[in-house]
Amino acid sequence: MLQLTVLREQTDQVIAGLNKKNYKNAAEEVAALLELDQQRRQVQNEHDELQRQANTMAKAIGSLMKSGEREKAEAYKTETAELKQKTKALAELLSTTEAQIQQALYKLPNLPHESVPAGRTAEDNEVVLQNGEIPDLHEGALPHWELIQKYDIIDFELGNKITGAGFPVYKKQGARLQRALINFFLDEAIAAGYMEVQPPILVNETSGYGTGQLPDKDGQMYHATADNLYLIPTAEVPITNIYRDTIVPVEQLPIKNTGHTPCFRREAGSWGADVRGLNRLHQFDKVEIVQVTLPEKSYQALEEMSDHIQGLLQKLELPYRVLRLCGGDMSFTASLTFDMEVYSAAQGRWLEVSSASNFETYQANRLKLRYKNESGKTQLLHTLNGSALALPRIVAAILENNQTLDGINMPKVLHPYLGFEKIS
RNA sequence: AGAGAGUUGGCGGAGUGGUCGAACGCGGCGGUCUUGAAAACCGUUGACUGUAACAGGUCCGGGGGUUCGAAUCCCUCACUCUCUGCCA
């Protein structure tokens, strides 16, 4: 959530930023918000003044009672009654105004970093770099959804039976490959200085608001209504919420955590022709990296995360490219996002396998995640996260790109994790 | 799930209607002393809001109520602990 002081002091930049992010009616909404803010502060001043009067009278009554001046005390009491009425009315106005401000603030997305290119859709994203060789597949090469049937390693029909579409069952070398990738990703993250955590995969409403999935993406999460808990769409939610409501000692920064979790996404309305096989699932596994840093260090941290993710792709020998997302394609909460895409050779498509973002203070403001600067003032920290990596599309690319007529070669780094070198 | 107890500042722990933002201890910070350090002693030490800066206001698990006045009384929700039950 944006900070009101920023709206107040840098109104024009805020509006320009919202526009860049393709937010409609930015100027009007910001003006309305500032109006409400003005109103709130005025009401609060009036309310506080009455409260002050009531407080002094209550104290006066107390000492009158002690010194035995009953009648005088009674007279004061009738006076306070009126004061109370007024205070109550103002308090109600104050809280409704505050609620309005809160709601309006929740609706505003984060502001984009200055390096974010203008644009509306994925077409406008900027390709930062491309790396790795695009393989030449043999005649009759298969897309991964046929390969998994041929080698019987992932079964969508079974998943349909047990749960429904988008919940595949991984089998044999397919299951083994999943486990190998998870371990490989975690080991690499740990080697890069991240601490491994295993968080809950159901979270409460407060956590959903903390990282910004609520209220924006309400319909995208599975909701266990009996207990009002949400299945996480990404480990970002529980891992970042570890630090909700904390003032972190500076010497503990930067915080670097990693974790593997299943992720659940309803993907309401986003199913179409391009989502066959592993391209889009309701449940998938992902290793996430999360950082909490000082404001002045966060972009350096984002670079570091991007390098880490690229390192994984290089070790897996996958051709990939890095995109700098344009304003219109970035997520609600991000200031700057790099997407990593791998080339899935049989489909002939780039598939998004990672997204690394700096949220600056947007999440920290909701989370109340802060530190004390040199002068002892509490200030918001910056939060970042990235997938390192999401499994299904990595699996799709590995299968498609490395297929031969008599099996699928596994990347060398995975051999020790897999216990085999080829799916056959 | 049933019965009981509890939830206070970074931590421990007082406080059952009036000047309590909260005793005391520990920890942290600053200082005295010391060649330096420890010990000892002195001082200081929460968050939010608000203001140009003061002032002022709010916060003792969350929400609501009683009262001139609530950390203290009442209601409600959440969580924690102990015992019983169930269970990977």
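In what follows, chains carry the letters A, B, and so on, assigned in the order in which the sequence lines appear, proteins first and then strands, with residues in each chain numbered from 1.
B:G62 and B:G36: their P atoms are spaced 48 Å apart (whole Å). Taking atom P in both B:U44 and B:C48, one finds a spacing of 22 Å when rounded to whole Å. With both ends at atom P, the span from B:A55 to B:U45 equals 14 Å, rounded to whole Å. Rounded to a whole angstrom, the distance from the P atom of B:G69 to that of B:A14 is 30 Å. Spacing between B:C26 and B:C87 at atom P, rounded to whole Å, works out to 50 Å. Taking atom C1' on both B:C41 and B:A47, the two are 31 Å apart, rounded to the nearest angstrom. Here the separation of B:G63 from B:G9, taken at their P atoms, is 15 Å to the nearest Å. Between the P atoms of B:G21 and B:G57, the separation comes to 10 Å (whole Å).
Under the 3.5 Å distance criterion, with hydrogens and angles disregarded, a donor-acceptor pair is assigned to the side chains of A:Tyr243 and A:Asn257. A:Asn279 and A:Gln347 form a side-chain donor-acceptor contact under 3.5 Å, judged by distance and modelled atom types alone. One side chain, A:Tyr222 or A:His282, offers a donor N or O that lies under 3.5 Å from an acceptor on the other. Residues A:Asn110 and A:Thr333 have side chains that never bring a donor and an acceptor to within less than 3.5 angstrom of each other. Using modelled atom types and a 3.5 Å distance limit, the side chains of A:Tyr230 and A:Gln213 yield no donor-acceptor pair. Donor-acceptor pairing under 3.5 Å is recorded for the side chains of A:Thr383 and A:Gln363. The closest side-chain donor-acceptor pair between A:Arg244 and A:Ser207 falls under 3.5 angstrom.
As a whole-Å value, the separation of A:Lys59 NZ from B:G17 C1' is 15 Å. In this structure, the CD atom of A:Gln102 is 13 Å from the C1' atom of B:C48, given to the nearest Å. Computed from coordinates, the A:Leu83 CG to B:G69 P distance equals 10 Å when rounded to whole Å. The CE atom of A:Met57 sits 16 Å away from the C1' atom of B:G18 (whole-angstrom rounding). Atom CZ in A:Arg41 sits about 13 Å away from atom C1' in B:A52, given to the nearest Å. Distance, A:Lys377 NZ to B:C48 C1': 13 Å, rounded to whole Å. Look at CG on A:Asn204: it is 19 Å from P on B:C77, rounded to the nearest Å. A:Glu98 has its CD atom 15 Å from the P atom of B:C48, to the nearest Å.
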Find every protein N or O atom lying less than 3.5 Å from an N or O atom of nucleotides 57-63 of chain B, and list the pairs.
| residue | atom | partner | partner atom | Å |
| --- | --- | --- | --- | --- |
| B:G57 | OP1 | A:Asn55 | ND2 | 3.4 |
| B:G57 | O2' | A:Asp48 | OD1 | 2.9 |

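Using a 4.0 Å cut-off, no side-chain N or O of A:Thr378 falls inside it from OP1 or OP2 of B:A47. The phosphate of B:A47 (OP1 or OP2) has a side-chain N or O of A:Lys372 nearer than 4.0 angstrom. Note on A:Arg40: every side-chain N or O is 4.0 Å or more away from OP1 and OP2 of B:U49. An OP1 or OP2 oxygen of B:G50 is reached within less than 4.0 angstrom by a side-chain nitrogen or oxygen of A:Arg8. At B:G69, one or more side-chain N or O atoms of A:Lys84 fall inside 4.0 Å of OP1 or OP2 (strictly under the cut-off).
Where A:Thr5 and A:Gly62 each meet RNA chain B at their nearest nucleotide, the meeting point lying more 5' is that of A:Gly62. Closest-nucleotide positions on RNA chain B for A:Thr80 and A:Ile247 were compared, and the one nearer the 5' end corresponds to A:Ile247.
For the side chain to side chain donor-acceptor pair (under 3.5 Å) test with A:Glu49, the passing option among A:Gln51, A:Gln53, A:His47 is A:Gln53; the others fail.
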Legend entry - Dot-bracket encoding of pairs in RNA chain B, which uses [ ] for pseudoknotted crossings and | for another strand, Watson-Crick or G-U under 3.5 angstrom: ((((((((.[[[..)..(.....]]]((((((.......))))))((((......)))).[[[[[..)....]]]]])))))))....
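By the 30° and 60° cut-offs, the orientation of the rings of A:Phe184 relative to A:Tyr417 is perpendicular. Aromatic ring orientation, A:Phe332 versus A:Tyr362: perpendicular (interplanar angle above 60°, classes split at 30° and 60°).
A salt bridge does not link A:Arg52 to A:Asp48: none of the charged side-chain nitrogens sits closer than 4.0 Å to a carboxylate oxygen.
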